[in-house]
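To find a chain, count down the sequence lines: A is the first, B the second, and so on, and within it residues start at 1.
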Protein chains: 2
Amino acid sequence: MSPMPVPLYQAKADFFRTLGHPVRIRVLELLRDGPRPVRELLTEIEVEASNLSQQLAVLRRTGLVGAVREGGTVVYSLATPDVVDLLATARRILTDMITGQGELLAELQAEAAE
Amino acid sequence: MSPMPVPLYQAKADFFRTLGHPVRIRVLELLRDGPRPVRELLTEIEVEASNLSQQLAVLRRTGLVGAVREGGTVVYSLATPDVVDLLATARRILTDMITGQGELLAELQAEAAE
DNA sequence: TTCGCAATTGAAGAATTCTTCAATTCAGCA
DNA sequence: TGCTGAATTGAAGAATTCTTCAATTGCGAA
């Protein structure tokens, strides 16, 4: 059983880390439905333009999104549709965990009522 | 079209952020194959005991893993098997993205062939 | 009890990431 | 040319996360 080469889990961690920001999550979810110009992302995400640009830059560096200039605007899109699967799986896990907490809460309440 | 409630993408971001650390990734991948005592994780992951404990605490708080004390040792396990899907999807995306950067690609393929 | 091992905790400084501001680039148009 | 709106960039301080150390807890054996 060979040990996992060192740089690999670092790469995986870096990858997940780029997803670990609310604005970047929002961008990816908006791009699920197709390419969008920055201007449009900006109207849906309440954040300063320069901040959005910073987060878009992070996503670009990681290679999760691509950007194309079209005249005066820049249009962003997902680099791979797999991202959609990832977000869906994450949501499922989150749902499970919240449900689990709900059950736990219910148990605690039932217990307290005895 | 109602906007996504604010705390939700924050929750998603927090979730991904807990995955954004090489030691935590390693732990989750080791737990894929079943529950393991801390002592055993420690032999496979080269890190100080207190550091591993800190990272395990992060995973516990997020609810991704569970811990049970068995005598002198503590055994960890995945809280939900969905985590396995998430890691697999992430690997697929990484594979897509780094095609052309030989080293990492080879490692990913070797891992997939296990 | 007391010792020893396994694991965790709290806290401090180091390192990284975020947010914001000012300045800059780029394209289109008067 | 110069002006405007769109988007990006660089840099600084603020905020968060990491690593490490020392101290502590829990449990079984002597």
- Query: Just by modelled atom types, is the B:Leu64 backbone N or O under 3.5 Å from a matching donor or acceptor in the B:Thr62 side chain?
  - Reply: no
- Message: Taking the nucleotide of DNA chain C with the nearest heavy atom to each, does B:Leu42 or A:Glu70 sit closer to the 5' end?
- Response: B:Leu42
- Any A:Arg39 side-chain nitrogen or oxygen under 4.0 Å from OP1 or OP2 of D:dT8: no
- Task: Can you tell me the distance, in whole Å, between the CZ atom of B:Phe16 and the P atom of C:dT17?
- Result: 18 Å
- Side-chain N or O of B:Arg24 less than 4.0 angstrom from OP1 or OP2 on D:dC18? yes
- Query: Of the residues in residues 52-65 of chain A, which ones touch DNA chain D at a heavy-atom distance under 4.0 Å?
  - Reply: A:Ser53, A:Gln54, A:Leu56, A:Arg60
- Taking every heavy atom of A:Val74 against every heavy atom of A:Ala67, the minimum-distance pair comes out as CG1-CB, 3.9 Å
- Please tell me if the side chains of A:Tyr9 and A:Asp14 come closer than 4.5 Å, counting only heavy atoms from C-beta onward. no
- Item | DNA chain C: 5'-proximal contact among A:Gly20 and A:Gly71 (nearest heavy atom) | A:Gly20
- Query: C:dT20, D:dA7, D:dG26: which one has an atom nearest the side-chain heavy atoms of A:Thr73?
  - Reply: D:dA7
- Item | same_hphob_cluster(B:Val47, B:Leu31) at 4.5 Å side-chain heavy-atom cutoff | yes
- For B:Asn51 and C:dA11, give me the distance from atom CG to atom C1', rounded to whole Å. 15 Å
- Where A:Thr18 and A:Arg24 come nearest, the two heavy atoms and their spacing: O-NE, 2.6 Å
- Query: Counting side-chain heavy atoms from CB outward, which of D:dC18, D:dT20, C:dA7 is closest to A:Arg17?
  - Reply: D:dC18
- Task: Answer yes or no: does a side-chain N or O of B:Tyr76 lie under 4.0 Å from OP1 or OP2 of C:dT8?
- Result: yes
- Query: With no hydrogens and no angle check, is any side-chain donor or acceptor of A:Arg26 less than 3.5 Å from a backbone partner on A:Glu44?
  - Reply: yes
- Message: Quick check for you: among D:dA7, C:dA7, D:dT8, whose closest atom lies nearest to any side-chain atom of A:Ser50?
- Response: D:dT8
- Decide if atom CD of B:Glu40 counts as having more than 12 heavy atoms of other residues, nucleotides or ligands within a radius under 6.0 Å. yes
- Query: Tell me: NE2 of A:His21 to P of C:dT16, nearest whole Å?
  - Reply: 18 Å
